Amino acid sequence: MEIDWNAIDRKWQKKWLENNDHETDSNNKEKKFITVAYPYPNSPQHIGHGRTYTITDVHSRYLRMKGFNVLFPMGFHYTGTPILGMSKRVEAGDTEIIDGLKNIYNVPDEAIKTFVEPIKIANYFHQEIKEGMIEMGYSIDWRREFTTIDPAYQKFIEWQINTLKEKNLIIQGSHPVGWCPKDQNPVSQHDTMGDVEPGFTEYILIKFSFDGYIIPTATLRPETLFGVTNLWVNPKTSYKKISVDGEKWIVSAECARKLEFLDRKITYDGEISGSELVGKEITLPHRNEKIPMLEASFVESQTGTGLVMSVPAHAPFDYQALVDFKKNQPPGLELQLIKPISIIETEGYGEIPAKEAVEKLGIKDQNDPKLEEATEEIYGKEFYGGILKQNTEQFAGKKVSEAKDSIKEWLAEKKYSDILLELTNSPVRCRCGAECVVKILTNQWFLNYGDKDWKEKATKCLDGMSILPQHIRPEFNYVIGWLHERACARQHGLGTKLPWNKEWIVESLSDSVIYMAYYIIAKFVNAGVISAEKLSKEFFDYVFLGIGSSDVSGVPKDIVEEIRAEFSYFYPVDSRHSGRDLVPNHLTFFVLNHVAIFPENNWPQQIVVNGSVLMDGKKMSKSMGNIIPLREAVRKYGADPIRLTILISAELLQDADFNVEAIKGIKNKLASMYEDCTKTKAEKFPELEPEDKWIHGILQNLVLNAGKSMDEIRLREALHHILFDFDSELQWYLKRTKSKQRTNISGILHKILSYRVLMLSPFAPHIAEEMWEKLGHSGLVSQSSWPSVSDVIDPNAIQSEELLKGIMDDIANILKVTKITPNKITIYTADSFKLKAYHFILEKVMAGQTNMGSIMKELIANPETADIKKNPDFVQKTIKDILSVPTEIRKTKLATKEFDEKSLISKELISLAKSDFGVDLQVYSENDSGIYDPKGKARHARPFKPAILIE
RNA sequence: GCGGGAGUCGCCCAGCCUGGUCAAAGGCGCAGGGCUUAGGACCCUGUCUCUUAGGAGUUCGUGGGUUCAAAUCCCACCUCCCGCACCA
């Protein structure tokens, strides 16, 4: 059947709109406040974004059907720098970005022209995204929409940030960042050429003294100071004499420049060439001992300070340089006597690990690239497995991994060392072309996420929350653990200014943490009830925290009370949805900021995290050209098929795979269900036959299982229940009724179908409405109740059908193996003493007793079942039978002692056998007189496993 | 390195917490049949190996262990994925 998906989408979206179906105000019903991370409008939404929002929508729709008053609002996050960067690139005529906008996102030329203004980009994609959300059928209350640069929102953020500052959770300090010296701006991944993240490490500078100067050398292994034998100098480098905060240093020119950005006061006093330094002696910082400076070509002026401290026993570079050096020296000279000093004992290595590594890898000279590998090996092994030797003074006997920090502290305390921050992946170039550096930003504002009390409170909140899926929970705990000060303001981009320092703008991950509360305000602002300038500290304090009174200047008291009431009704947030990439930042900040600002009764209740979407098994990316904008997909396939395809391919946290085949499958499934709806009429129920009772039981189970899955947002599983799991059961039912030539089941089928449509409706809201209408129901399915389980499931009905199915399977099996064409089938049911034995064994098994020998003994001891000894195989097989049956069914079997197999089979199985195998079937109990049993099969009969003879 | 997660019958992916419903669901693919002018869609049957009586054998990353019983619990190992910050 051809279905015009787009027409159906529009039809029902219009109906919902006419009914104001998704507008939610406070009322006397129980509420659920469902939120999802709002989008950043720098591109249209693609299928991947669609997943998070679709899950949230399904969640909201489900809860509505469960009878809750559900609020599902949406806002738009304009704050941030990427839009600014985009705008700059468009202005510069960057073809890469312009082509992308045109070809992937189909943005018209006229619109692109306006993109030189950042706000135009945000506005354009804002509308684009919103349209897409409407077209996807999201049940959003649009009256509460806002952007983060609305004046009223900015008032809200000012209040938030002021409140945090009052609580001393915002502090000032310095912080290293990747920095473009030309733009005078921090750089992050999307500001650099090739999108590289500027990474940096902290080197320890060990300060050696020389002739009134300090010669610092950079190292990542301060503990090796005890094994220093000399310094390495590159004779070809011209070094600078500089003064650093009053101290006189000798370093390379590159190093001097790096120091300038690290908030050090530098003046240049002169130069000294490397060759001049070679051969001179310097003094160790920690004891009065002199070592020489020697020449080495591997020393690079751009790395560290341009001078290297040599630890030949433990650093392969140093070891090899020493070997090279000695080759060029006349024998017998004093310098030939320099010997590596071993200071670390490591299992698997001897006195001089560096030597072993160098020799193992066959390294030829100090310019051999394999030295990197050797260094990595030794560093790793010594760090994790090494123990410091006696010659390391107070640190002797400690593990390297443990001693390192205390050595660092000791060096700093004694002023033997300093710090140098350096890019690890240099050169990093800014998009403007300039080479980036590490800069220490001073006077930076931080949220003090390192605060112990704050962490404790957040952990408490988290412990009380539902986190779905559960196994992501440890990740939240981990993040709270390692979080420390986090910059909360930057100098560029759209956003709200810091109230106390207007040069700074509140950073985008800090102005998006408690905005769910603002949805309450937004409705009143949008309706013109209250305006931005009236939103004072007193107002927010009262509305959100209940502090002060409703006497707020400029706002009528009853309005303030109304807003406060609505806030009190909807808060706390019942569920927050987002993609998993926001776990280590937004979602955790969301918890932290809530516990900082709101009282415990308004702490969030739940977080639901989902994975991303792949296209044909591959990651979506611009370069692959496999990004499908959501709206394009909706036009092509319809909203519901997309919603289902995204949801059905993976459980919450897994990556979902989106592909055309999958959509096709879903479309077909929905189409055939739709067709059924057009054909099935509501009729009166007949008197219920066994299979009717059975299918009702199955339906109850379906509702139960689907509901359980929905409650845990296991949407994939729920969809499977609703769409597929029921099919094989329904098939059996149809087979049964058909073989009995029944014509009175339409009413039952109609009920089943109605239930399935109800449960489908949160997932595929449009087609479900259409199906609902076709089934002849009045009203909207989206406003109906989720089906409830009321009927008691008849255990006898379940058992009967299981038995019939089992026999049919057995017959089919025998026919398959023997390949005979049946003429006549005879069934033999077990004798009553076997049933008694069966129940005895069942009880034993249920009590955990499965030992064959003791069961046997007890059976023989009982005269009622003593006959069992003629047939010892029976016990063995029966135990197996029982174990291969679900615990649920075991219980029902235990509950129903009387079960007349023979009459059931003769009533119900004959017609089935006739229609399936085309033969007549006769039934005997194994002890019947006049039994027809030419092959002696009857004695093999077991309860629920009758013997079969096929001729 | 730290932290989190995963390895299942051609593919995707359930099951594992709470051992026996497990030769292991479902979807896709493939094979046969039905329907159809044909194709598509849809429906049925089959899809580890062996088997002329409903059975048996070998499987759930690898190797051990616990148990009457292990995909499921314990230990060790191998492989893969993700996050580690000033960025939405």
Side-chain angles (χ1 to χ4, degrees), chain A residues 1-2 37 39-40 42 77 79-83 175-178 186-191 197 380 383-384 401 441 444 446-447 449 470-479 481-490 493 507-510 512 580-586 611-612 617 648-651 653-655 657 659 661-662 664-669 671-672 675 714 716-717 719-721 723-725 727-728 731 806-807 809-820 845 848-852 879-880 882-890 935 937 940 945-950:
Chain A
M1 182 178 285
E2 274 307 310
Y40 184 69
N42 68 337
H77 199 197
T79 319
T81 50
I83 286 180
H175 182 69
V177 291
V187 284
S188 59
Q189 196 172 344
H190 53 249
D191 302 314
E197 176 73 33
F383 182 76
Y384 294 104
S401 54
L441 279 184
Q444 170 73 275
F446 295 95
L447 275 160
Y449 288 139
Q470 291 172 21
H471 64 259
I472 195 95
R473 181 186 286 279
E475 219 160 293
F476 281 98
N477 284 311
Y478 181 70
V479 173
W482 63 246
L483 224 45
H484 52 262
E485 301 78 25
R486 184 182 177 99
C488 63
R490 41 163 47 234
E507 197 268 329
S508 53
L509 278 170
S510 302
S512 56
R580 72 172 310 169
D581 49 328
L582 300 189
V583 170
N585 41 67
H586 166 75
S612 56
I648 206 163
S649 88
E651 216 44 85
L653 211 51
Q654 243 95 47
D655 288 340
D657 190 28
N659 58 65
E661 277 305 305
K664 243 169 64 185
I666 291 292
K667 274 187 163 181
N668 292 336
K669 183 80 204 168
S672 76
E675 204 177 335
R714 295 166 71 112
R716 191 200 88 98
E717 190 176 81
L719 264 177
H720 267 272
H721 288 315
L723 248 30
F724 301 111
D725 287 4
D727 279 359
S728 57
Q731 237 174 65
I807 300 171
D809 282 350
D810 282 347
I811 294 172
N813 224 329
I814 294 167
L815 290 176
K816 188 187 150 198
V817 174
T818 59
K819 299 188 180 73
I820 55 176
V845 171
Q849 165 68 269
T850 50
N851 186 290
M852 157 100 186
I879 293 174
K880 255 186 129 175
I882 292 170
L883 286 176
S884 72
V885 141
T887 343
E888 281 309 302
I889 297 194
R890 284 184 220 166
K935 292 256 173 80
K937 292 278 180 195
H940 296 298
K945 191 80 177 169
I948 299 166
L949 172 68
I950 303 178

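Not measured: the values here are computed from a predicted model. Convention: sequence-line order gives letters A, B, ...; per-chain numbering from 1.
Listed nucleotides B:A41, B:A88, B:G54 differ in distance to A:K664; the shortest reach to its side chain belongs to B:A41. Comparing B:G54, B:C84, B:A88 by their closest approach to the side chain of A:K945 singles out B:G54. Looking at the side chain of A:Y478, the nearest of the listed nucleotides B:U51, B:G54, B:G3 is B:G3.
In this structure, CD in A:E675 is found 11.0 Å from CG in A:N668, a value given to the nearest 0.5 Å. Atom NZ of residue A:K669 and atom CD1 of residue A:I666 lie 9.5 Å apart, to the nearest 0.5 angstrom. How far NE2 of A:H77 is from CG of A:L509: 7.0 Å, rounded to the nearest 0.5 Å. Taken from NE2 in A:H721 to CZ in A:R714, the straight-line distance is 8.5 Å, to the nearest 0.5 Å. The CD1 atom of A:I648 lies 4.5 Å from the NE2 atom of A:H720; values are rounded to the nearest 0.5 Å.
For A:D810 against B:G54, a side-chain N or O and a base N or O form a donor-acceptor pair under 3.5 Å.
Rounded to whole angstrom, the span from the NZ atom of A:K816 across to the P atom of B:U51 amounts to 12 Å. Here the C1' atom of nucleotide B:C82 and the CD1 atom of A:I472 are 9 Å apart, to the nearest Å. Rounded to whole Å, the distance from CG on A:N585 to C1' on B:C82 is 14 Å. In this entry the distance linking CG of A:N813 with C1' of B:A53 reads 9 Å, nearest Å. A:R486 has its CZ atom 10 Å from the P atom of B:C84, to the nearest Å. Atom-to-atom, NE2 of A:H940 to P of B:G55 comes out at 13 Å; the value is rounded to the nearest Å. To the nearest angstrom, P of B:C82 lies 16 Å from NE2 of A:H471. Look at CG on A:L653: it is 10 Å from P on B:A6, rounded to the nearest Å.
The separation of B:G27 from B:C81, taken at their C1' atoms, amounts to 23 Å, rounded to a whole angstrom. Taking atom C1' in both B:U62 and B:C80, the straight-line distance is 15 Å, to the nearest Å. For the P atoms, the distance from B:U72 to B:C9 is 15 Å, rounded to whole Å. Atom C1' of B:C13 sits at a distance of 9 Å from the matching atom of B:U8, rounded to the whole Å. When the P atom is compared between B:A6 and B:C68, the two are found 30 Å apart, to the nearest whole Å. Using P as the reference atom, B:U52 and B:G39 are 36 Å apart when rounded to the nearest Å. A distance of about 8 Å separates the C1' atoms of B:U59 and B:A23, rounded to the whole Å. For the C1' atoms, the distance linking B:G7 with B:G15 amounts to 15 Å, nearest Å.
Using N1 to N3 plus N6-O4 or O6-N4 for Watson-Crick, or N1-O2 and O6-N3 for G-U wobble, each under 3.5 Å, B:C77 pairs with B:G61. B:C84 is paired with B:G1 under the criterion used here, namely a Watson-Crick or G-U wobble arrangement in which both key atom distances are under 3.5 Å. Within the shown strands, B:G46 is the pairing partner of B:C30 under the Watson-Crick or G-U definition, both distances less than 3.5 Å. Base-pair partner of B:U52: not found among the strands shown (Watson-Crick or G-U wobble, both distances under 3.5 Å). The pairing partner recorded for B:U8 is B:G15, the criterion being a Watson-Crick or G-U wobble arrangement whose two distances lie under 3.5 angstrom. Of the nucleotides present, none pairs with B:U66 by Watson-Crick or G-U wobble criteria with both distances under 3.5 Å. Base pairing of B:U21: no nucleotide in any strand meets the Watson-Crick or G-U wobble criterion (both distances under 3.5 Å).
Although no hydrogens or angles enter the test, the distance criterion places no donor-acceptor pair under 3.5 Å between the side chain of A:Y449 and the main chain of A:W482.
Among the protein residues, A:A662 comes within range of no part of the nucleic acid, since none of its heavy atoms lies under 4.0 Å from any strand. If you check every strand for non-hydrogen atoms under 4.0 Å, A:I950 touches a base. If you check every strand for non-hydrogen atoms under 4.0 Å, A:I83 touches nothing. Counting non-hydrogen atoms under 4.0 angstrom, A:P39 reaches nothing in the nucleic acid. At a threshold of 4.0 angstrom between heavy atoms, the contacts of A:I882 with the nucleic acid are absent. Note on A:G665: nothing from the nucleic acid sits closer than 4.0 angstrom, heavy atoms only.
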**Prompt:** What do the steps show when you test A:E475 against A:R580 for side-chain contact (heavy atoms from CB on, under 4.5 Å), and what is the final call?
**Reply:** CA-CA 10 Å; A:E475 219 160 293; A:R580 72 172 310 169; 4.0 Å; yes
**Message:** Between A:K945 and A:I807, does the side-chain contact (heavy atoms from CB on, under 4.5 Å) criterion hold? Intermediate values first, please.
**Reply:** CA-CA 7 Å; A:K945 191 80 177 169; A:I807 300 171; over 6 Å; no
**side-chain contact (heavy atoms from CB on, under 4.5 Å) between A:Y478 and A:V583, worked out** = CA-CA 10 Å; A:Y478 181 70; A:V583 170; over 6 Å; no
**Asked** Stepwise, does the side-chain contact (heavy atoms from CB on, under 4.5 Å) test hold for A:L653 with A:I472?
**Response** CA-CA 9 Å; A:L653 211 51; A:I472 195 95; 3.6 Å; yes
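Between A:S508 and B:A88 there is a side-chain polar atom (N or O) within less than 4.0 angstrom of OP1 or OP2. The side chain of A:T81 places an N or O atom within less than 4.0 Å of a non-bridging phosphate oxygen (OP1 or OP2) of B:A88. For B:A41, the OP1/OP2 oxygens have no side-chain nitrogen or oxygen of A:N668 closer than 4.0 Å.
Residue whose closest nucleotide on RNA chain B sits further toward the 5' end, between A:R580 and A:L949: A:L949. The 5' end of RNA chain B is approached more closely, in terms of each residue's nearest nucleotide, by A:F724 than by the other of A:P584 and A:F724.
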Listing time: all N or O pairs from protein to nucleotides 12-18 of chain B that are below 3.5 Å?
from: B:C13; atom 1: O2'; to: A:R716; atom 2: NH1; distance (Å): 3.2
from: B:A14; atom 1: OP1; to: A:Q654; atom 2: OE1; distance (Å): 2.5
from: B:G15; atom 1: OP1; to: A:R714; atom 2: NH2; distance (Å): 2.8

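Of all heavy-atom pairs between A:S508 and A:T79, the closest is CB-O, 3.5 Å.
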